[in-house]
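Here the structure is laid out as structure tokens; the discussion comes afterwards.
Computed from a predicted structure; not experimentally measured. Residue numbers begin at 1 in each chain, while the letters A, B, ... track the order of the sequences.
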2 protein chains.
Amino acid sequence: MVTEREFLDGYDPRAYPAVAVTVDIVTLTIRDGVLHVLLVERGEQPQAGRLALPGGFVREETLDQAALRELAEETGILPRVHLEQLATFGDPGRDPRMRVVSVAYLAFAPHLPDPIVGGDAAAARWTPVEAATGLAFDHDAILAAGLERARAKIEYTPLATAFVGEEFTIAQLRGVYTAVWGEEPHAGNFHRKALSVPGFITDTGATTERGGDRGGPRSKLYRAGDARILHPALLRPAQERR
Amino acid sequence: MVTEREFLDGYDPRAYPAVAVTVDIVTLTIRDGVLHVLLVERGEQPQAGRLALPGGFVREETLDQAALRELAEETGILPRVHLEQLATFGDPGRDPRMRVVSVAYLAFAPHLPDPIVGGDAAAARWTPVEAATGLAFDHDAILAAGLERARAKIEYTPLATAFVGEEFTIAQLRGVYTAVWGEEPHAGNFHRKALSVPGFITDTGATTERGGDRGGPRSKLYRAGDARILHPALLRPAQERR
DNA sequence: CCATGTCCTTCTCGATCTGAGATTAACTCG
DNA sequence: CGAGTTAATCTCAGATCGAGAAGGACATGG
């Protein structure tokens, strides 16, 4: 096997072309029913002023720890964030200065206060994903991969609950699917399925204090269950094929 | 953003701790109804004599190209191989000598001749996945991730066809699911679903020359269709939950 | 060449799930 | 109080599923 053998034969790390390993994070949340992604504004050339995904160098830590640390540095402490590895982007030339291999992460966050601008970013803000185009480097592609992963993953995992608070209504949960899919599931059928999938949501016995802003009864409050996967899955409506 | 800014400020690549980027490949095939993985025998210390996944350094190429090149070097030219990125493993200490970040790939191959031992590996062989334990470094974990990905992916994509020849019978296709899942789907229901899922398989009009080795009628031959995803999916039987 | 067993393919049938819409009742707002 | 909104439940026809069975076509061993 190449890797270890070459290392063994008195391999000198400095003799090889330098490769940098970074993490970039697609952090998604929902604000006012619209899916938003956390972006930072680049303060330096190249691509100064352009928006980019937050990220940075991997230090003496695991990749997961690097992603968590960068996220905390950009936005302050993040409670109840789901973080998972997305994919790795390493085309030569994706960064004009040297070979940079970036391990992309995907984070799902409940509604958070505006990010506290960390030490490195010139500015950080939540941006509707529809408006998040023209990002620096290949971050458009990374974001697209993150969105597709998110859209697929809420089908068969309970990760939609990571977008809402600890207690939530079924309507709020439906709002997550609407925002992520860009399409509203049938309310009655969604209700039936959310309740029938084992381990998805559990009844707290409590209800909201008020009805909806424009009327309607108080709704029951639920908590996330302990299921890791949803069976049967909540499939997207009108999945166009081919 | 950290990455580019630090690079910008007169970043010297050699000033940072060296990181090596490699690819490791989980190559799966089916032989005699049993799922096999391609392993190489390490010829050098450490872990000499241990089995490991084939892989090696990333050169001036994309990550995908690196995986394809390494695979070709280990096994000769591979026709009709499906290759996809699996996950990236980068824990400090996963290689005792230096920081190695490995981008793992997953390959699905039809029945192939025994691998041509490439220049680097001491030996290369197909090993039943059940027997592939105690691999070097963290390759047990990489293999486990690959197997889980494969088991999930044949549910909702037509990738099972990557394990069989260009023309195949429904029974052969069912054999793929049996080998990957370790459980045999109901033959009649599998037949019905395979035919009813749009774009999964297309009839060639031909049949096999002979019946099965132990009897039975000749079976019709099919080719892979053009669907990228299977809808509805072919779900695993008896998916134990919780 | 016949008996036996294999197994591809199709069919049956009840149980379950799904999508689309309707209904009821609780609630807010003006 | 009246009108509009919405959570929660119900209805129902069509699709899908799991499990089993039936019908042939075929190989093998006497």
Side-chain angles (χ1 to χ4, degrees), chain A residues 33 155-156 164 167-178 181 183-198 200-223 229-241, chain B residues 33 155-156 164 167-178 181 183-198 200-223 229-241:
Chain A
E155 286 190 323
Y156 60 94
V164 293
E167 298 198 338
F168 51 88
T169 69
I170 291 183
Q172 287 171 343
L173 196 59
R174 178 160 44 87
V176 172
Y177 284 85
T178 304
W181 285 342
E183 192 169 5
E184 178 152 30
H186 182 288
N189 294 340
F190 181 87
H191 203 98
R192 176 179 59 191
K193 284 212 72 168
L195 285 174
S196 71
V197 175
F200 188 21
I201 58 177
T202 61
D203 200 330
T204 64
T207 66
T208 53
E209 299 272 323
R210 292 173 37 89
D213 286 344
R214 294 186 304 218
R218 302 179 182 182
S219 37
K220 296 184 189 172
L221 287 169
Y222 297 85
R223 238 185 285 270
I229 52 172
L230 303 184
H231 183 74
L234 285 140
L235 296 180
R236 275 176 268 197
Q239 278 190 78
E240 298 311 327
R241 310 286 171 176
Chain B
E155 285 189 324
Y156 60 94
V164 293
E167 298 199 337
F168 51 87
T169 69
I170 291 184
Q172 287 171 344
L173 196 59
R174 178 159 46 84
V176 172
Y177 283 86
T178 304
W181 285 342
E183 191 169 7
E184 178 152 30
H186 182 289
N189 293 340
F190 181 87
H191 203 98
R192 176 179 57 189
K193 284 212 70 169
L195 286 174
S196 70
V197 174
F200 187 21
I201 57 177
T202 61
D203 200 331
T204 64
T207 67
T208 52
E209 298 273 323
R210 290 174 37 90
D213 285 344
R214 294 187 304 222
R218 302 180 183 182
S219 37
K220 297 183 189 171
L221 287 171
Y222 297 86
R223 236 186 286 271
I229 52 174
L230 303 185
H231 184 74
L234 285 140
L235 295 180
R236 274 176 270 198
Q239 278 191 77
E240 298 309 327
R241 311 286 172 177

Quiz item: Nearest nucleotide by nearest heavy atom, which residue falls closer to the 5' end of DNA chain C, A:Ala233 or B:His186?
Solution: B:His186
Exercise. Take the protein atom CD of A:Glu184 and the nucleotide atom P of C:dG19, then report the distance between them rounded to whole Å.
Key: 15 Å
Quiz prompt | Euclidean distance, atom CG of residue B:Leu173 to atom C1' of C:dT9 [Å, nearest integer] | solution = 15 Å
Quiz prompt | Under 3.5 Å donor-acceptor, A:Lys193 side chain and A:Ala233 backbone | solution = yes
Quiz item: More than 12 heavy atoms of other residues, nucleotides or ligands under 6.0 Å from CG of A:Asp203: is that the case?
Solution: yes
Quiz item: Below 4.5 Å, heavy atoms only, C-beta onward: do A:Tyr222 and A:Gln172 meet side chain to side chain?
Solution: no
Quiz item: If you look at every strand shown and take non-hydrogen atoms under 4.0 Å, does B:Arg218 touch a base, only sugar-phosphate, or nothing?
Solution: sugar-phosphate
Exercise. Send over the distance from B:Leu195 CG to D:dA15 C1', rounded to a whole Å.
Key: 17 Å
Quiz item: Within a strict 4.5 Å, meaning less than it, do heavy atoms of the B:Thr169 and B:Leu221 side chains meet?
Solution: yes
Practice problem: Could you state the atom-to-atom distance from CZ of B:Arg236 to P of D:dG18 in whole Å? | Solution: 14 Å
Exercise. Determine whether A:Arg174 and A:Pro185 make a side-chain contact, defined as any pair of heavy atoms from C-beta on separated by less than 4.5 Å.
Key: yes
Quiz prompt | Rounded distance in Å - CZ (B:Phe190) to C1' (D:dA19) | solution = 17 Å
Exercise. Measure from NZ on A:Lys220 to C1' on D:dT9 and round the result to the nearest Å.
Key: 10 Å
Quiz item: Taking CG from B:Asn189 and C1' from D:dA22, how many angstroms apart are they, rounded to a whole number?
Solution: 15 Å
Quiz prompt | Nearest-angstrom distance from the residue atom NE2 of B:His191 to P of D:dC17 | solution = 16 Å
Quiz item: Does some side-chain heavy atom of B:Leu234 sit less than 4.5 Å from a side-chain heavy atom of B:Phe200?
Solution: yes
Quiz item: When you match B:Arg192 and A:Arg174 each to their closest nucleotide on DNA chain D, which lands nearer the 5' end?
Solution: A:Arg174
Quiz item: Can you tell me how far the OG1 atom of A:Thr204 sits from the CZ atom of A:Arg223, to the nearest 0.5 Å?
Solution: 6.0 Å
Self-check item: Near-strand residues of residues 204-217 of chain A, defined as heavy-atom separation under 4.0 angstrom from DNA chain D
Solution: A:Arg214, A:Gly215, A:Gly216, A:Pro217
Quiz item: Which nucleotide, D:dA19, D:dA7, C:dC8, lies nearest any side-chain atom of A:Ala171?
Solution: D:dA7
